[in-house]
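Below, read A as the first sequence line, B as the second, and so on, with proteins coming before strands; counting in each chain starts at 1.
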Amino acid sequence: MEIEDLRHHTSRRFNEDLEHVRNSVLNMGGFVEEQLSRALKALSDADSELGLKVGHDDHKVDRMEVKIDEECSRILATRSPAAGDLRLIIATIKTITDLERIGDEAEKIGLLAARLAGLEQPRSSYRELRNLARLVKQMVRDAMDAFARLDVEGAIAVVKADEDVDDEYEMIYRQSITFMMEDPRAISRVMDLTWTARALERIGDHAKNICEYVIFLVHGTDIRHTAMEKVEAEVAQAAIRQESDS
Amino acid sequence: MPKRWVTHFLFLAAGSTLSLICGLWFGRPVLWLLAVLSLYLANTLRHLYFLDIALDREKKIKTFEMRGLWSEIFARANSQQCKLRSRKANYRRLLREVRQSTDALTDAGIILNSESEIQWFNPAATRLLGFDPQRDMNQRIGNFLRHPDFLNYLENSDSEPVTVPSPINDTDHLSVQIIPYGIEQRMVIARDITHPLQLEGMRRDFVANASHELRSPLTVIGGYLDGLSGDQDLPESWVAPIDEMRHQVDRMTKILQDLIELSRMEADGKEVKQVFVSVPDLLKRIQQEFVVRGSTPELVFNVSIEAGLLGSESELYSIFHNLITNAVRFTPDDGKVEVNWLVEGTVAVFTVVDNGIGIPDELVSRITERFFRVDSGRSREMGGTGLGLAIVKHALQRHDGALVIETQLGKGSSFRCEFPESRIVLRHAVPQVVI
């Protein structure tokens, strides 16, 4: 499926409705990305005020989710979409759920950052987290780009990148255990740090989910719970199938 | 009718008549007429065919073997073709030049239609924003540049240009501006300002650190000078120098305080705390300070409303205090300084009007620069730091306010601060906590 396929209906209103849903999802994505980067900035700059602000702004994400959800229901009820249009609506409903979760995790990071800002900064100033944060931020951004461009290759790249994120999280987790054993006084701080890493890892998973919906949206194949090699083969097959259809 | 057509018809008529006469001679007039007219038709069709082919190939037609009307028509067609071709070549060259120059631009340029969909962009847009020339045409720009500030700006183009992190690499910062043009078209210009921002940050850090570092040695020097000046055993010849030194140390401390305040405001960014500040109370406090000091020009406070502002008390104090101090400083002893606090329409206005020395017109735009002085000798004598108006400007910006300066050399000046409706709080609207 291509972006142009969403604009070919005889009813101009329907075209506009679908386009509007797509745009709203991307707007919501943009806001969630911003929430995440502000939460991470609060953490690295030890800015408790910013961290609290991120927590405070989370309700905006929730409101966006509810609004898009309502619009999707309305389109389902009034237009009875089929094929690509239906896939768009389904993918949208699922994507916004994951975006909302990413927002929640960002809120969590913001609040943890606000708490950590009050404590003494470790000498490394969370260097180990920074790499993970960079990876995850990139994943979320690429996932939204893949959604905007209906870019299957980009989506697969994000799904693959999730493995790196998991490795990185594993590493931080082990490191944290060592820290806690070395210095029991640091346990509460290191625990908070581990929670932050955990939240980031979860965000990576949500970004991966979004990319799976993008692949579903474009090719109509469900690649959840499938091994990576199989995914690529399936996607290639679906592409050939679509080619021959058109 | 053009002459060539008249001739052509005359020839045709003559030919037909001739064939009729010949036909009558042989007894077959209709056949002869038909034969001649068919020949004429065939010839016409042949030429039409040439014309059609020639127009298709955009090539020159050979006219030397043609005669009469046809040669003229073909010659005209040729000259038209020629003109068209050279015009086309011109346009092509022009287009190539425009494209080359836009390709060479280092700032990203994107053209949007009324739906904010991308119509065109230059290679710099690919470099700075990661736009894909194959896939991203006709897509809404907000789908790729998703930063909330930018989306907000896209909807209200009349607001200030925004700075957003680059979609490719979020350590880079872009300054994005939207310029409307044509019919409902808009152009987006994005410029990489990472480096200038870094330099600005370095400058700010340097000023802040330097001021802090200079303050402690200055305090020590000031302390000793205070001690010395109070010493009874001080030789007479040292009294004046020590006093002068104390005076200069005070001035330096004041400058450092102002610098620190400025850099603190800069570091805090644009947002300011939204705490209720009662302006009438604040002005009363400032008035008392001046009364105690016994200022020489007459100072009149007209506080006509009980309205307060949302913002930072210390910064609002800085604004009012600096403006009043300036007015008092540059007004002769028999002059008058008027301070007003009122509401005009939807904005709250604070004005300081004096009938002092005024400011030359050409310098008005520069007086909010740091260390800028209209008459450096005089203001230094008066004890100014040169930073007062810079602080006022900064603090006002942080309160979404605007500074309007009206002045006439020798007649006086008026400094007017306007605060928007969103910042104004009327006294009765403040919830009172009763215990």
Side-chain angles (χ1 to χ4, degrees), chain A residues 2-7 12 15-16 18-38 40-41 44-45 47 49-50 53-54 57 60-61 64 99 103 130 133-154 214 218, chain B residues 110 112-119 121 125-126 128-156 162-174 176 197 201 204-205 264 267-275 312:
Chain A
E2 305 256 318
I3 291 153
E4 287 306 314
D5 293 350
L6 296 173
R7 299 180 179 166
R12 208 164 59 89
N15 285 342
E16 281 171 8
L18 289 177
E19 189 65 26
H20 185 245
V21 164
R22 226 167 65 81
N23 293 342
S24 319
V25 174
L26 287 163
N27 286 1
M28 180 177 171
F31 189 73
V32 169
E33 279 175 61
E34 174 64 8
Q35 282 280 88
L36 177 60
S37 50
R38 280 200 299 177
L40 291 169
K41 192 172 181 318
S44 63
D45 296 357
D47 186 343
E49 215 166 297
L50 187 63
K53 199 164 159 32
V54 172
D57 281 351
K60 289 189 192 160
V61 178
M64 284 171 162
L99 279 178
R130 224 176 292 160
R134 194 177 50 78
L135 279 175
V136 168
K137 249 196 313 195
Q138 187 68 40
M139 267 180 86
V140 176
R141 193 162 51 215
D142 288 350
M144 290 325 290
D145 278 345
F147 189 90
R149 298 193 167 107
L150 298 183
D151 175 6
V152 173
E153 278 167 38
V214 171
V218 178
Chain B
I110 304 129
L112 306 179
N113 64 7
S114 54
E115 307 290 312
S116 299
E117 288 167 350
I118 301 169
Q119 300 298 299
F121 55 81
T126 310
L128 290 177
L129 303 162
F131 286 0
D132 183 336
Q134 255 91 51
R135 286 187 296 193
D136 297 349
M137 290 296 173
N138 290 322
Q139 278 242 53
R140 207 179 60 114
I141 189 170
N143 289 0
F144 305 118
L145 260 177
R146 292 181 294 265
H147 197 278
D149 290 352
F150 176 73
L151 293 179
N152 203 2
Y153 181 36
L154 199 61
E155 272 168 32
N156 325 299
V162 289
T163 303
V164 294
S166 154
I168 324 181
N169 178 0
D170 60 356
T171 50
D172 286 356
H173 287 269
L174 304 172
V176 186
L197 273 186
R204 221 163 37 211
D205 289 350
R264 188 189 52 73
D268 278 4
K270 273 188 181 156
E271 283 182 30
V272 70
K273 274 186 208 148
Q274 303 242 359
V275 181
S312 141

Shortest non-hydrogen contact from Gly30(A) toward Pro148(B) | O-CD, 3.8 Å
Could you list the residues that satisfy side-chain hydrogen bond (donor to acceptor under 3.5 Å, both in side chains) with Asp132(B), not counting sequence neighbours?
-> Arg135(B)
Might you work through the side-chain contact (heavy atoms from CB on, under 4.5 Å) test for Arg140(B) and Asn27(A), ending with a clear yes or no?
-> CA-CA 11 Å; Arg140(B) 207 179 60 114; Asn27(A) 286 1; 2.9 Å; yes
Considering all heavy atoms, the nearest Phe131(B)-Arg149(A) contact | CA-NH2, 4.0 Å
Which atoms of Glu49(A) come close to chain B, meaning under 4.5 Å heavy atom to heavy atom: side chain ones, backbone ones, both, or neither?
-> neither
Quick one: side-chain hydrogen bond (donor to acceptor under 3.5 Å, both in side chains) partners of Gln139(B), sequence neighbours excluded?
-> Arg22(A), Asn143(B)
Examine whether an atom of Met28(A) lies under 4.5 Å from a heavy atom of chain B, and if so say whether it belongs to the side chain, the backbone or both; otherwise answer neither.
-> neither
Could you walk me through whether Arg141(A) and Arg146(B) pass the side-chain contact (heavy atoms from CB on, under 4.5 Å) test, one step at a time?
-> CA-CA 9 Å; Arg141(A) 193 162 51 215; Arg146(B) 292 181 294 265; 3.7 Å; yes
Counting heavy-atom pairs under 4.5 angstrom with chain A, the leader among Asp149(B), Val164(B), Ile168(B) is Ile168(B)
Measuring heavy-atom distances to chain A, does Glu117(B) have an atom under 4.5 Å in its side chain, in its backbone, in both, or in neither?
-> side chain
